[in-house]
Protein chains: 2
Amino acid sequence: MNSTTPPAGPRYLQVADDLRAAIAAGHYAEGAQLPTESALCDRHGVSRFTVREALRRLQAEGLIRRRRGSGTVVDTVGSVLRQPLSDVAELLQYAADSEFDFERRGMVTLSSAQAADFAMAAGSRWILLSGIRRMTPGGVPLAVTDVHVNPALEPHVAALQPGRQTLFAQLGLAAGFRIGRVEQDIRALAAGSREAAALGIARRAPLLRIVRSYRDDSGRIVLFSVSSHPGDRFTYSMHIDPA
Amino acid sequence: MNSTTPPAGPRYLQVADDLRAAIAAGHYAEGAQLPTESALCDRHGVSRFTVREALRRLQAEGLIRRRRGSGTVVDTVGSVLRQPLSDVAELLQYAADSEFDFERRGMVTLSSAQAADFAMAAGSRWILLSGIRRMTPGGVPLAVTDVHVNPALEPHVAALQPGRQTLFAQLGLAAGFRIGRVEQDIRALAAGSREAAALGIARRAPLLRIVRSYRDDSGRIVLFSVSSHPGDRFTYSMHIDPA
DNA sequence: GAGTGGTCTAGACCACGTG
DNA sequence: ACGTGGTCTAGACCACTCC
């Protein structure tokens with residue numbers, strides 16, 4: 001037997017997780033210099049390729065900023081309502097920062113109006129779960145969300161748990177598929193009576209509507225969610241880094 | 001002297017441009033298989049590292065989709081109002097798909113309310129340009145936009161041209177800086193009288209408000225823009241690919 | 001000039017999808 | 001079984017920033 005235990009996935013993810021945890025633990029403050037690439041190579045006993053792949057991930061998450069000649073610095077802000085979105089990991093992270101309660105509402109068939117609204121196929125059938133997302137349990141509602149699950153996953157729906165894990169991640173675990181592409185459409189519209197009541201805002205108040213579709217790695221739409229956020233309480237934030 | 005002319009930047013960008021052009025020219029239809037990595041290595045006479053970096057860019061743009069074991073396929077949709085946003089190149093591409101007319105409105109100082117609204121510093125001073133973005137000249141307005149330019153760039157403002165090039169790109173060319181980070185915040189709010197009149201919608205109708213800040217590579221905010229899109233006429237669309 | 005990150009090579013082994 | 005893309009090594013040279 002070997003003295004080392006290499007259980008987890010790629011090494012660059014382990015390096016990235018290490019750095020992320022160190023930043024979260026406050027070992028590197030905002031604006032602080034991170035170790036150089038060669039230092040990280042030594043510390044983790046990996047090649048520069050691996051270290052650079054790890055740093056690439058952190059940069060995509062907006063956690064660090066890099067400049068040739070200068071080095072790598074921590075570049076993050078802690079505002080809770082900001083939702084940086086660079087990759088799927090970040091998308092899932094957002095879910096972990098808030099609380100989701102839902103109830104099953106049965107099977108639905110999309111009308112042509114809904115289909116156009118959600119960019120989905122008219123007449124398609126889905127298992128509907130409705131819920132509310134809050135920053136803290138019992139706190140101010142951040143969004144009212146309708147989650148539509150592919151009926152093929154019916155056997156796993158009953159086991160879904162509310163909380164800080166995305167339904168998508170839970171279904172993936174239970175049904176054994178892996179994440180593929182995520183698409184999302186964002187628009188503004190006026191609150192209807194249902195959203196107004198659930199969010200505690202006026203009818204016709206501005207809403208931010210986010211429709212996300214999640215595909216597995218074979219391209220099948222596993223579920224799509226329709227989230228309505230009160231305009232005065234939610235800002236969707238993201239960034240893009242060059243190259 | 002050598003027979004080859006290596007004028008442009010990194011080789012992976014040349015490879016990426018070649019592939020992008022080939023896809024645009026229809027040599028690879030939507031869903032078609034692209035050459036394998038090793039084939040591209042041979043064709044361009046570069047290492048696999050370089051080819052993979054090129055393919056990584058195209059994947060970030062949403063142009064291709066890759067799966068281990070299967071291969072690389074073209075994966076694009078041509079809908080005009082969708083705005084995939086994976087990197088700065090895509091952001092600039094969006095501008096090229098629409099038409100922007102503006103006029104100079106003079107120097108402004110941000111009130112504390114505006115500062116909070118835009119996530120900028122109160123009391124900061126900017127050169128204000130106001131304009132309207134349309135899909136086609138004289139067509140339906142897509143957005144009304146206020147562009148705030150850093151006063152340090154005053155000498156170059158007079159030379160700015162309306163049209164299909166972003167003001168940011170024009171300023172970068174004129175003032176000689178390079179693109180750094182782009183950040184954007186998206187929220188929903190009710191139209192005021194100015195937006196209503198400019199966009200031809202009702203007062204208090206829902207608006208999608210996008211605030212974008214552009215930094216050069218030293219972190220200075222070169223300009224920020226505040227765009228208001230009519231909720232019933234504009235959907236912001238993006239996607240995220242795994243890993 | 002010393003040190004940083006950016007680009008690049010020529011190999012290697014592996015996990016996965018498809019025959 | 002084979003070919004695909006995913007991960008990884010151990011080097012190298014370069015552009016850039018800072019001292």
Side-chain angles (χ1 to χ4, degrees), chain A residues 4 6-17 19 32-60 64-75 87-88 176-181 216-220 241-243, chain B residues 4 6-17 19 32-42 44-60 64-75 87 176-181 216-220 241-243:
Chain A
T4 60
R11 293 188 209 179
Y12 63 79
L13 285 186
Q14 303 174 32
V15 175
D17 288 344
L19 284 169
Q33 290 272 347
L34 249 56
T36 65
E37 294 184 352
S38 59
L40 291 171
C41 291
D42 294 346
R43 175 182 308 182
H44 291 87
V46 298
S47 76
R48 200 171 156 216
F49 172 94
T50 304
V51 163
R52 282 181 62 78
E53 188 63 36
L55 292 174
R56 189 198 294 271
R57 304 302 177 109
L58 299 184
Q59 186 170 28
I64 61 174
R65 180 170 179 81
R66 324 190 67 206
R67 281 178 70 201
R68 167 160 48 186
S70 305
T72 302
V73 297
V74 178
D75 172 38
D87 59 22
V88 175
F177 57 79
R178 280 167 318 169
I179 202 168
R181 166 171 287 205
D216 64 15
D217 58 356
S218 73
R220 175 182 62 159
D241 281 303
Chain B
T4 60
R11 293 188 208 179
Y12 62 79
L13 285 186
Q14 303 174 31
V15 175
D17 288 345
L19 284 169
Q33 290 272 348
L34 249 56
T36 66
E37 295 184 352
S38 60
L40 291 170
C41 291
D42 294 346
H44 292 86
V46 296
S47 78
R48 200 173 155 215
F49 172 94
T50 303
V51 163
R52 281 181 63 78
E53 187 64 37
L55 292 174
R56 187 198 295 272
R57 305 302 177 108
L58 299 184
Q59 186 170 27
I64 61 172
R65 182 170 177 82
R66 324 190 66 204
R67 279 177 72 199
R68 167 162 45 188
S70 305
T72 302
V73 298
V74 178
D75 173 34
D87 60 22
F177 57 80
R178 280 168 320 171
I179 203 167
R181 167 172 286 205
D216 63 17
D217 57 357
S218 72
R220 175 183 62 161
D241 282 302

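Quick note on labels: first sequence line is chain A, next is B, and so on, each numbered from 1.
For Ser47(A), the listed nucleotide lying nearest its side chain is dC8(D); candidates were dT7(C), dG6(D), dC8(D). The side chain of Pro10(B) lies closest to dC8(C), out of dC8(D), dG5(D), dC8(C). Residue Arg52(B) places its side chain closer to dG6(D) than to any other of dG6(D), dC8(D), dG6(C). Closest to the side chain of Arg48(A), out of dT9(C), dC13(D), dG6(D), is dC13(D).
By the side-chain contact (heavy atoms from CB on, under 4.5 Å) test, Ser38(A) is found to be paired with Thr36(A), residues two or more places apart in sequence or in another chain being considered. For the side-chain contact (heavy atoms from CB on, under 4.5 Å) test, residues two or more places apart in sequence or in another chain that qualify with Ser70(B) are Arg67(B).
Arg67(A) comes within 4.0 angstrom of sugar-phosphate atoms only, judged by non-hydrogen atoms across all strands, and of no base.
Where Thr50(A) and Gly69(A) meet DNA chain D, the nucleotide closest to each residue was compared, and Thr50(A) sits on the side nearer the 5' end.
Distance Arg11(B) CZ to dC13(D) P: 14 Å, rounded to the nearest Å.
The minimum heavy-atom distance between Ala16(A) and Ala54(A), with the atom names listed, is N-CB, 3.7 Å.
A close approach under 4.0 Å does not occur between any side-chain nitrogen or oxygen of Ser70(A) and OP1 or OP2 of dG5(C).
Against DNA chain C, the stretch residues 33-41 of chain A makes heavy-atom approaches under 4.0 Å through Thr36(A), Glu37(A).
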